[in-house]
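Note that ligands are numbered from 1 as they come in the structure, with each ligand's atoms numbered from 1 the same way. Just the heavy atoms: all of them, side chains too, but no hydrogens, waters or symmetry mates, feed the values below.
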Amino acid sequence: MSFSILQHQSHIPSQFIWPDDERPGAETPPPLDVPPVDLGGFLSGDPEAVANAARLIDQACRSHGFFLLVNHGIDAALIDRVHAATTSFFAMPLADKERAHRKPGEPCGYASSFTDRFSSKLPWKETLSFRYSADPNLAGIVQTYFSQTMGEDYKAFGRVVEEYCSEMSGVCLKVMEVLGISLGVGADWFREFFKGNDSIMRLNYYPACQEAHAALGTGPHCDPTSLTILHQDQVAGLQVFVDQQWHSITPNPHAFVVNIGDTFMALSNGIYKGCLHRAVVNGAAARKSLAFFLCPKTDRIVRPPPQLGGARLYPDFTWAALLEFTQKHYRADAKTLDAFVAWLQRDS
Ligand SMILES: C=C1C[C@]23C[C@@]1(O)CC[C@H]2[C@]1(C)CCC[C@@](C)(C(=O)O)[C@H]1[C@@H]3C(=O)O
Ligand SMILES: O=C(O)CCC(=O)C(=O)O
Ligand SMILES: [Fe+2]
């Protein structure tokens, strides 16, 4: 499905039209007023800054699982290089992008609107997803992926996005320290859990849409993963569901959007909530977002720290099992974790 053709038809195909009760409509929801968390302040070790970061994150994660991160220390030039690389990739002819075709049941590769996965409520987007591992024995995994799927002249592309993933992994581990302090289990527990993370990086590209009010770039969902660090470009589109209504997130190039995913909700024994969010499109400009999805090693058992005892909200599971569930059995949405638990217990 080539958007360069779809965009110029008077109406978009019906598969991209969302039901009345789910489509975004013409109104832009109110901006979410969320105090940014100062990562640099936390890292300075200044007791007041550490306490402030832990307090802000705790408040946000107990209610809606979303916060902004500023003073993060990531080079703006690197972020710009990844946005430029994203623009150039998606500008290629479909046949060239299809060299990285995402195979059914696998999370990695290029996909356009998931026409091979879903038959209705199709997302108005193209995606390029790939695996990043923080395991030193797998250094170069991203470069190798792009050289093998796109050819040797994509090695530089792979190098830039792998450098970005490495920086994102570092930010995630620092955020895990704050989450550990906020939950009272100490700075080390979650950081150690994700030390050798085996994560997913996704470049999202949302073409302009001639019927933006009836379409969605990404439908309402909680990320099944653990923690998402997202950078949106200057075109707005991310919305978060807080206090029973949608709120728009004003683009801020100096901030990362951070949200708790289903797996971390389970790790926190439900104390911290997965963030319900979606992405809308518009009639004038294409939009991009860089989403780094932190994931534990696939065989790690997702089980809360003992200090978060009390009744377990979710059974033990591996990230591998939840990932497979979303790729082969269930379209991730606002209820993925509950559907996954029911699926795990289906024969019991
Ligand atoms: C593990 C994953 C599945 C999805 C990508 C991700 O890495 C994290 C977010 C998930 C997703 C974006 C949630 C909404 C539905 C989805 C099908 C999509 O619109 O892309 C999800 C991704 C997927 O490819 O299954
Ligand atoms: O593009 C965005 O702002 C959100 C994308 C998203 O939620 C996702 O890829 O999981
Ligand atoms: Fe998401």
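Of all atoms in ligand 1, listed by their number and element, those nearer than 4.0 Å to a heavy atom of Thr218 are 19 (O). The atoms of ligand 1 that sit less than 4.0 Å from any heavy atom of Leu323 are 1 (C). Atom numbering of ligand 1 starts at 1 in the shown order; those under 4.0 Å from a heavy atom of Asp223 are 9 (C). Interface of His221 with ligand 1, defined as ligand atoms under 4.0 Å from a residue heavy atom, comprises 13 (C), 14 (C). With ligand atoms numbered from 1 in the order given, ligand 1 contributes 18 (C), 19 (O), 20 (O) to contacts under 4.0 Å with heavy atoms of Lys125. Set against the non-hydrogen atoms of Ala332, the atoms of ligand 1 under 4.0 Å away are 13 (C), 14 (C), 15 (C). Applying the 4.0 Å criterion to heavy atoms of Pro224 picks out, from ligand 1, the atoms 8 (C), 9 (C), 10 (C). The ligand atoms of ligand 1 that sit less than 4.0 angstrom from a heavy atom of Gln327 are 3 (C), 23 (C), 24 (O), 25 (O).
The existence of a salt bridge linking Asp198 and Arg300 is excluded, since no basic side-chain nitrogen approaches an acidic carboxylate oxygen closer than 4.0 Å.
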Decide yes or no on salt bridge (Lys or Arg N to Asp or Glu O under 4.0 Å) for Lys335 and Asp333, but give the supporting numbers first. CA-CA 6 Å; Lys335 308 181 301 294; Asp333 57 14; 3.8 Å; yes
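Checked by distance only, ligand 2 and Lys125 stay at 3.5 Å or farther apart across all their nitrogen or oxygen atoms. At least one N/O-N/O distance between His277 and ligand 2 falls below 3.5 Å. For ligand 2, one of its N or O atoms has an N or O atom of Arg287 under 3.5 Å away. The distance criterion of under 3.5 Å between nitrogen or oxygen atoms is not met by Thr218 with respect to ligand 2.
The ring of His72 has its center closer than 6.0 angstrom to the ring center of Phe256.
Residue His221 places a heavy atom under 4.0 Å from ligand 2.
Across Arg331, Arg117, Met201, Arg278, heavy-atom proximity to atom 23 (C) of ligand 1 is greatest for Arg117.
Note on residues 152-170: pairs passing side-chain hydrogen bond (donor to acceptor under 3.5 Å, both in side chains), not counting sequence neighbours, are Ser169-Asn197.
Relative orientation of the Tyr330 and Phe325 rings is parallel, given thresholds of 30° and 60° on the angle between their planes.
Look at Cys222 and the Fe ion (ligand 3): no N/O/S atom of the residue is under 2.8 Å from the metal.
Distances from the Fe ion (ligand 3) to the N/O/S atoms of Asp223 are shortest for OD1.
At least one test fails for Arg131 against the ring of Tyr145: distance under 6.0 Å to the centre or angle within 45° of the axis.
The nearest protein atom to atom 20 (O) of ligand 1, hydrogens excluded, is given as Arg202 NH1, 2.7 Å; this is a heavy-atom distance.
In this structure, a donor-acceptor pair under 3.5 Å is present between the side chains of Asp58 and Tyr272.
Here Asp223 has side-chain heavy atoms under 4.0 Å from ligand 2, and that is the only part of it that gets that close. With a heavy-atom cut-off of 4.0 Å, Thr228 does not touch ligand 2 at all.
The environment of Gln245 atom CD is dense: over 12 non-hydrogen atoms of other residues, nucleotides or ligands sit within 6.0 angstrom.
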